[in-house]
4 protein chains.
Amino acid sequence: MAIALELFSNRGFHATSVDDIIGAAGVAKGTFYLHFNGKSDILMMIIDSYLAKIYSSLLDLDISMDKPVEDMKRMYYDVTDFFMNFPDMKRFIKLMLRDAIASDEVIKSKVNNYFSQIIGMSSGYIKKAQREGRVVASIDPRACAVSIIGGVKELLYRWAVLEEDLDVRRCVATMVDLFFRGMLV
Amino acid sequence: MAIALELFSNRGFHATSVDDIIGAAGVAKGTFYLHFNGKSDILMMIIDSYLAKIYSSLLDLDISMDKPVEDMKRMYYDVTDFFMNFPDMKRFIKLMLRDAIASDEVIKSKVNNYFSQIIGMSSGYIKKAQREGRVVASIDPRACAVSIIGGVKELLYRWAVLEEDLDVRRCVATMVDLFFRGMLV
Amino acid sequence: MAIALELFSNRGFHATSVDDIIGAAGVAKGTFYLHFNGKSDILMMIIDSYLAKIYSSLLDLDISMDKPVEDMKRMYYDVTDFFMNFPDMKRFIKLMLRDAIASDEVIKSKVNNYFSQIIGMSSGYIKKAQREGRVVASIDPRACAVSIIGGVKELLYRWAVLEEDLDVRRCVATMVDLFFRGMLV
Amino acid sequence: MAIALELFSNRGFHATSVDDIIGAAGVAKGTFYLHFNGKSDILMMIIDSYLAKIYSSLLDLDISMDKPVEDMKRMYYDVTDFFMNFPDMKRFIKLMLRDAIASDEVIKSKVNNYFSQIIGMSSGYIKKAQREGRVVASIDPRACAVSIIGGVKELLYRWAVLEEDLDVRRCVATMVDLFFRGMLV
DNA sequence: TATGAATGAGAGTTCATTCAT
DNA sequence: GATGAATGAACTCTCATTCAT
């Protein structure tokens, strides 16, 4: 799976053949199909395994908004560091943001659901904060969540897929500033 | 090209064969290759043609930031309406945000360059506004532009690809509020 | 036809498409098929036209063997010069010795018949010379003719197709020496 | 490969499709491409295999010219018999003298190089014999070699490609008479 | 005479998947 | 568990030829 992830993220899922994978892994065709149901299956298993790891790692994170902006910034720094240092995370993000989107129906919906879930969760937090008077009432929570997740995805896309030389930590700081305080003076 | 766009946006670029296109168009194989150099070529031509149309339509738009927030909101409404009403725009956005990203190297770089250009432009506007004291100085202009474009892309993705039932106009309003004023009370 | 000959001899008959020909000639597809029945037809017409020219030019040549070797050598020099200087002859030889051999059944048999005819003629001359006691009786006239024509073809092949830097005149001299010293009583 | 050789020699390389080959062989398309890289590849492998066989079979042959003409004649008879009796040799010669010449650049140069090498070798033998005073000094060794190889090729072409009813042994005898009476002092 | 858009049979090639060993 | 030869449907692309204008 590690080898497949490497090949998928380098050449793209479609441009990687099962032959490429078994060649790099040094096993026979039959062995591959002994462990996976097919090319899509290994992609799915990679995604499942990573999403599980990410999920469990983020579980104990308190991402509610009832703390000062500086505290939240610090928390997001921690999440960022976690992502940046997770082994092969760059490759996995490449896979999620580039390949998964244009593949199997099952995989597509899995990935889309994942992001939709995150948006739902964020949206829920914002709604709660609105009820508690901490967030402007006129804002549409879902649109807000979409904005935030979109911003993060774009940042990760530029970092992982386009390999742009970004200062990810600084970008995260800006995003926190931006979403919590806005641009205008 | 219209037929190809329809098929690409419905089934995805990879899942659409040249046979599918000529079948739907009612022409022979040779006719297809008389007009296009291949499957990638027709995708490229579709993209080029739409990007040109969009570019020329947005040319006369004054998107600088030296006007009241309400005025900018109105302007973004206009752009939104333009996009929503442009024929087949939903299909084209599907193509751009889902298929183009995982295809030909040439097409990929064309699309990525396009978005990078937009980010560069936005970034420039923000810098200018910072110099004129209208935007908070501490904000990183590029990270800010990445956030905004990412937010817009995510919104369009959910509207066009996932076919979510969003009130796009309302989302745009929220985004303008969000980026210009922030969430917190 | 001159353009087709050029293309055929440069790229080979199979690797040259009708599109290549009309492109180089600056006429439309229809125009091509107005004058020729197809790709094979133009090859045939080129071959016919050259063979006719060669035939008529060689008609008045006295190639019988009832003269001293030095006279015959001089005569073969003349033939050689005629071939070397004939416009586009190198191209035509390329066509005959490389492309015609692996094309249409009709063309193939035309070219093979042509060489067979030459062999038949040579064979006849040798037989006559044997009867007149000028050529060794034990020699098989046809095998002898095959040898001579084969030698000449190989020389022309190396000159025209392989573009070897041969002194064709000197080679012809050697061949005359070789065959006549071998054949003559 | 035997089946391909048969088809190539019957219909010609260009007129034989991969479908023809797999149809005759009773295997699937994929099986063909499992063993060969393509249509040109199988031609190349056939040629390589035959040339290797021929080369190894001729290695232990003493083809120098320091023996009486009758001995050489006997030796050439042996070579002739070897060729005549080698399984599928007629087909292979057809391939070499008709198809290889108008195909892939790589194959073409392989075959041309092969004949050039033979000419070079013959030329060397003649030169040596000239130094030893056994062959007329005025003769150009290379032109002589070209003549001989050309003669042999023409003979083989008529036997294998045109399927002429030749007494190959007798023709060889004539050629030996012809060339040696011509060359020898 | 000249045009060139349209044709479509057929080519070579790929690759995910199977299954007897 | 492991193998890898065999599969064949599906793919992209070519090109000689036609015919309405």
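A note on names: the letters A, B, ... follow the listed sequences, proteins ahead of strands, and every chain is numbered from 1.
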Task: Dot-bracket summary - DNA chain E, pairs being Watson-Crick or G-U whose distances fall under 3.5 Å, with | when paired to another strand - done: .||||||||||||||||||||
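For the residue pair D:Asp20/D:Ser17, the side-chain donor-acceptor check at 3.5 Å is satisfied.
Rounded to whole angstrom, the span from the CG atom of D:Leu7 across to the P atom of E:dA11 amounts to 13 Å. The CG atom of A:Asp41 sits 9 Å away from the P atom of E:dT17 (whole-angstrom rounding).
Between the OG1 atom of A:Thr16 and the NE2 atom of A:His14 there is a distance of 10.5 Å, given to the nearest 0.5 Å. Residue A:Lys94 holds its NZ atom at 9.5 Å from CG of A:Leu162, rounded to the nearest 0.5 Å.
The residue B:Gly38 sits close only to the backbone: its heavy atoms come under 4.0 Å of sugar-phosphate atoms, none of a base.
Ranking E:dT3, E:dT17, F:dT17 by closeness to the C:Val27 side chain, first place goes to E:dT3. Ranking E:dT7, E:dG12, F:dT7 by closeness to the B:Thr31 side chain, first place goes to E:dT7.
At a cut-off of 3.5 angstrom, counting only N and O atoms as typed in the model, there is a donor on one side and an acceptor on the other between the side-chain of A:Lys29 and the base of E:dT17.
Looking at C:Arg98, its side chain does come within 3.5 Å of a backbone N or O of C:Ser9 through a donor-acceptor pair.
Proximity of D:His35 to the phosphate of F:dA6: a side-chain N or O atom is located under 4.0 Å from OP1 or OP2.
For A:Ser49, the side chain to side chain donor-acceptor pair (under 3.5 Å) test picks out no residue, with sequence neighbours left out.
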